[in-house]
Amino acid sequence: MEWWRTAVIYQIYPRSFADSDGDGIGDLPGITARLPHLADLGVDALWLSPFYRSPMVDGGYDVADYRDVDPVFGTLADFDSLVAAAHGLGLRVLVDIVPNHTSSAHPWFLAGLRDRYVFAAGRGSLPPNDWRSLFGGPAWTQMPDGSWYLHLFDPAQPDLNWDNPDVRAEFSDILRFWLDRGVDGFRIDVAHGLIKPDFSEVSVFDQDGVHEIYRGWRRILDSYPGQRMAVAEIFDTQPRRVARYVAADELHQAFNFDFLDAPWEPGPLRRIIDDSLSAAAEVGAPPTWVLSNHDRRRPVTRFGDGAPGLRRARAAALLMLGLPGSAYVYQGEELGLPEVLDLPDEARADPQWVRSAGAEPGRDGCRVPLPWEGEAPPFGFGPRDRSWLPMPPDWAARTVAAQRADPGSMLNLYRAALRLRRPAATLTWRPAPEGVLCFSTGAYLVATNFGDSAFALPREPVLASSPVGAGLPPDTTVWMEPD
Ligand code: GLC
């Protein structure tokens with residue numbers, strides 16, 4: 001079976017993973033040095049958020065050179081060492097590809113190659129239409145000559161024109177550049193955005209023309225040995241529309257944002273699990289599951305502040321890792337890090353925060369650097385006393401080193417789950433009391449209690465997200481041997 005059908009893939013946000021040179025910003029040599037953590041955790045692969053040359057207006061999702069490493073993160077030689085070290089530890093490597101837009105500092109935009117971007121005439125003094133940027137404000141910015149260019153994100157991220165064959169040829173070449181360097185695949189940023197509809201349309205995303213692009217990319221991936229794959233970021237789209245991107249001749253996986261967005265309630269979760277399984281099965285793709293990423297509020301905080309949030313995040317982790325298919329884990333999720341809600345305004349860097357003039361808190365709270373060891377910030381993140389976002393002093397108890405020594409820690413729960421996890425292909429719901437979800441995958445019998453009181457268990461669990469006494473306590477998931 002192809003490795004990605006059951007893989008657990010760990011997302012690294014390079015800025016915040018580990019800093020090797022003491023500038024307070026994570027980098028590629030820092031990642032390489034900490035790879036043993038990932039091997040010990042037991043994941044199958046890692047996905048690196050962008051590390052390319054960039055003005056860093058959007059944390060590197062504004063790429064100025066798709067074939068080079070930004071000096072703040074290291075060099076191409078550092079990248080090659082990282083891939084070699086990861087492969088040596090049995091870890092596959094995915095890189096992030098950002099095809100919807102470039103940076104406004106990309107040579108094409110600087111050279112005024114307008115036919116490679118989406119330029120249009122305005123309506124008098126108004127922009128060409130009413131499309132809004134996902135970061136707030138109009139999706140159009142006017143050039144000194146009066147024409148407008150489209151940016152679904154920041155004005156520093158002009159959208160590319162995928163009707164132009166030069167754009168298509170360039171990205172085929174970029175894919176080959178990284179495949180030749182040995183990457184195992186790609187995470188495709190805003191995969192449903194590339195083709196724009198007629199300007200009279202209200203809905204911008206998920207245009208049919210995008211599928212032809214991914215059929216071409218699939219042919220490139222298939223022309224390389226060793227099961228190279230791609231996972232698509234497609235948000236705000238129905239599961240059956242998402243499934244079209246993972247048809248047999250297109251991409252391999254798509255993120256399951258319905259699962260990430262689900263409330264901590266059995267009804268909606270069961271419906272989302274069923275819809276995800278059937279949509280994936282119809283096209284023969286593996287279902288995928290995700291609880292967090294660099295854009296979303298961390299689960300420990302989302303599920304309820306303080307102790308209840310952590311307890312539910314633990315239960316959610318075992319529920320997710322008990323499902324058939326593939327799962328994504330975002331750095332720090334395995335440490336149960338909370339969202340940092342009280343970052344000082346002057347430290348915040350997210351364009352969402354900047355462009356909304358502070359009305360939106362933005363995504364910096366889930367991007368705070370990882371605490372590795374020690375008693376005080378920056379907790380081993382780097383060799384010097386600095387980190388690009390401040391780290392909460394009370395993270396001493398959440399460092400990797402502290403959690404490794406604590407058998408009841410979130411880290412040891414993830415380690416145990418990844419060690420005990422067995423691939424499963426199917427899911428059968430079992431009768432369960434109100435407020436409990438119970439399913440068998442053939443690999444395990446999994447039960448989660450969302451209710452307020454404990455329920456008797458048919459047998460001793462193999463793994464439990466919280467201590468189990470006479471029965472299955474509230475906000476707890478257990479794995480039991482199947483019958
Ligand atoms: C994706 C990324 C997000 C970025 C945006 C624009 O949604 O995950 O971080 O801001 O695309 O590239």
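Residue numbers start at 1 and run along the sequence shown. Note that ligands are numbered from 1 as they come in the structure, with each ligand's atoms numbered from 1 the same way.
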**Q** For ligand 1, indicate whether the residue F135 contacts it via side chain, backbone, both or neither (heavy-atom separation under 4.0 Å).
**A**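 The part of F135 near ligand 1 is the side chain, not the backbone.
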
**Q** Considering heavy atoms of the protein only, find what lies nearest to atom 8 (O) of ligand 1 and give residue, atom and distance to 0.1 Å.
**A**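 Among all protein heavy atoms, the one nearest atom 8 (O) of ligand 1 is D295 OD2, 2.5 Å.
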
**Q** Do the rings of F171 and W217 sit parallel, tilted or perpendicular, given the 30° and 60° boundaries?
**A**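 Ring orientation, 0 to 90° scale: parallel.
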
**Q** Please walk me through it: do Y224 and D180 pass side-chain hydrogen bond (donor to acceptor under 3.5 Å, both in side chains)?
**A** CA-CA 9 Å; Y224 282 79; D180 288 341; 2.8 Å; yes

**Q** Please write down residue, atom name and distance for the protein heavy atom closest to atom 11 (O) of ligand 1.
**A**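 That would be D189 OD1, 2.9 Å.
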
**Q** Are H101 and ligand 1 in contact, using a heavy-atom cut-off of under 4.0 Å?
**A**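 Per 4.0 Å heavy-atom rule, H101 contacts ligand 1.
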
**Q** Which residue holds the protein heavy atom closest to atom 7 (O) of ligand 1, what is that atom called, and what is the gap in Å?
**A** E233 OE2, 2.7 Å

**Q** Looking at H151, K196, E233, H192, which one forms a side-chain hydrogen bond (donor to acceptor under 3.5 Å, both in side chains) with N100?
**A** K196

**Q** Could you tell me whether D19 and R386 make a salt bridge, using a distance below 4.0 angstrom between a side-chain N and a carboxylate O?
**A**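 A salt bridge is absent here (no side-chain N lies under 4.0 Å from a carboxylate O).
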
**Q** Looking at ligand 1, is there an atom of it that comes within less than 4.0 Å of some heavy atom belonging to R367?
**A**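 The answer is yes, since R367 has a heavy atom less than 4.0 Å from ligand 1.
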
**Q** Would you give the length of the straight line joining atom CG of L418 to atom CG of D44, rounded to the nearest 0.5 angstrom?
**A**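 The distance works out to 8.0 Å.
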
**Q** Quick one: closest heavy-atom pair of I234 and F257, and the distance?
**A**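 The pair with the smallest heavy-atom distance is O-CD1, 3.4 Å.
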
**Q** Quick check on the 6.0 Å ring-centre criterion: do W148 and F199 meet it?
**A**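 No, the ring of W148 stays outside the 6.0 Å limit from the ring of F199, centre to centre.
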
**Q** For ligand 1, which atoms, with element, lie under 4.0 Å from some heavy atom of R363?
**A**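 In order of number, 3 (C), 4 (C), 9 (O), 10 (O).
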
**Q** Students should be able to answer this: which protein heavy-atom is nearest to atom 5 (C) of ligand 1, and at what distance?
**A** F153 CE2, 3.7 Å

**Q** So, does Q11 sit close enough to ligand 1 that a heavy atom of it is under 4.0 Å from the ligand?
**A** no

**Q** Who gets closest to atom 4 (C) of ligand 1 by heavy atom: D154, D58, N293, L134?
**A**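 The nearest heavy atom belongs to D58.
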
